[in-house]
2 protein chains.
Amino acid sequence: MSNTKVLPLIEAEGSEAVAPCCPPLTERPFTAEEAEAAARMFKALGDPVRLRLFSAVASHESGEACVCDISDVGVSQPTVSHHLKKLKEAGLLTSQRRGTWVYYRVEPSVLAAMGKLLTLPAVA
Amino acid sequence: MSNTKVLPLIEAEGSEAVAPCCPPLTERPFTAEEAEAAARMFKALGDPVRLRLFSAVASHESGEACVCDISDVGVSQPTVSHHLKKLKEAGLLTSQRRGTWVYYRVEPSVLAAMGKLLTLPAVA
DNA sequence: CATCTATGTTGACATACGTCGAACCAGTGG
DNA sequence: CCACTGGTTCGACGTATGTCAACATAGATG
């Protein structure tokens, strides 16, 4: 694989804390607050276009991608921008302007946190 | 823990295939079809009430729960029923009537599949 | 059958969401 | 300073969604 960069599994550094949201779904019933927080992330991925955009960024080499590289998802460019904004608001992506282009990258801690949410109880 | 039953990690048996939906999000950009399928599941969990209901079922002993056990989430009973139906349509829950009560249980294969979706690339 | 409890279904309503075109801002290069 | 390209923001529009009250259905029980 071309992914030569080690994705850090630490928590977010500069942004607001997004990672330590909730325990695994199967551990105990979610509280209202936990559900609110987790649902925000799930909802952000609950749209096909956003999921494609997110996947495109996440699978891009070096973990980041220019908008121009991923905006071929069948909707207009303003719509792409709108969805990227939603993903950013949900804490799943961060953006950075470099010269002419804007680059988006995934927040690895969030991916890890959501993965943990869905872990099954140890089969035994 | 009280969970004495081994959760089978196989694909769904009776219902339509829901498990082998997509590769990890970070592996390659999702196709439109993959995104459509995966977004359906994420969207189902993208509501706080549904997430609480799902978590309540998933964390219940023996992996199933009666509606009466989980319907205390701050909305009216018809709304609970509505959300449970949505979760069923998304393939996340199955229901079964036993006498007076209706029991819901999670589809373990789906949980596993969604977990895989969110797996990070092997850090190395 | 009458009735009671546990769920599901229907219809209505307000709000949220996805989408687009048009206008707008940020850098780049003449 | 002016045009051009890449992206975002705005305003509008149709559709989907979450919610409830009212009604309907399924078993249990008298």
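Chain letters run A, B, ... following the sequence lines, proteins first, then strands; residues in each count from 1.
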Give the rounded distance in Å between these two atoms: OH of B:Tyr104 and C1' of C:dT7.
8 Å
d(CD, B:Gln77; P, D:dA24) in whole Å:
16 Å
A:Arg97 or A:Lys43: which one's nearest nucleotide on DNA chain C is closer to the 5' end?
A:Lys43
Member of A:Leu84, A:Leu53, A:Val110 meeting the side chain to side chain contact (heavy atoms under 4.5 Å, CB included) criterion with A:Leu93:
A:Leu84
Considering only side-chain heavy atoms of A:His82, which listed nucleotide, C:dA22, C:dT19, D:dC20, is closest?
C:dT19
What contact category does A:Lys86 fall into here, base, sugar-phosphate, or nothing, at under 4.0 angstrom with non-hydrogen atoms?
sugar-phosphate
Using the side-chain heavy atoms of B:Pro78, tell me which of these nucleotides is nearest: C:dT7, D:dA28, D:dC20.
D:dC20
Taken to the nearest whole Å, CZ/B:Phe42 to P/C:dC17 is 18 Å
Between D:dA26 atom C1' and B:Gln96 atom CD, what is the distance in whole Å?
15 Å
Between D:dT8 atom P and A:Ile70 atom CD1, what is the distance in whole Å?
9 Å
Distance in angstrom units between A:Lys88 NZ and D:dT9 P, rounded
7 Å
Can you tell if the side chain of B:Leu92 reaches within under 4.5 Å of the side chain of B:Arg50, non-hydrogen atoms only?
no
Between B:Glu64, B:Lys88, B:Lys85, which is the residue that forms a side-chain hydrogen bond (donor to acceptor under 3.5 Å, both in side chains) with B:Ser95?
B:Lys88
If you check every side-chain atom of A:Val75, which of C:dC20, D:dG7, C:dA6 has the closest atom?
C:dC20
Does C:dC20 have OP1 or OP2 under 4.0 Å away from a side-chain N or O of A:Thr79?
yes
Report which part of the nucleic acid B:Arg98 touches: base, sugar-phosphate, or nothing (heavy-atom distance under 4.0 Å, all strands).
nothing
Provide, to the nearest angstrom, the distance between the NZ atom belonging to A:Lys85 and the C1' atom belonging to C:dT19.
15 Å
State whether A:Arg50 places a side-chain N or O below 4.0 Å from either non-bridging phosphate oxygen (OP1 or OP2) of C:dC17.
no
In terms of side-chain geometry, is the basic nitrogen of A:Glu34 or A:Arg28 positioned less than 4.0 Å from the acidic oxygen of its partner?
yes
Between C:dT7, C:dG27, D:dG7, which one does the side chain of B:Trp101 approach most closely?
C:dT7
Residue-phosphate contact under 4.0 Å: B:Ser76 side-chain N/O, D:dC20 OP1/OP2
yes
Considering heavy-atom distances to DNA chain C, does A:His83 or A:Gly99 have its closest nucleotide positioned more toward the 5' end?
A:His83
Once you round it to whole Å, what is the distance between C1' of C:dG18 and CG of A:Asp47?
7 Å
Which is true for B:Ser81 with a 4.0 Å heavy-atom rule: it touches a base, it touches only sugar-phosphate, or it touches nothing?
base
Kindly confirm or rule out a cation-pi arrangement of B:Arg52 over A:Phe30, judged by NZ or CZ under 6.0 Å from the six-membered ring centre and within 45° of its axis?
no
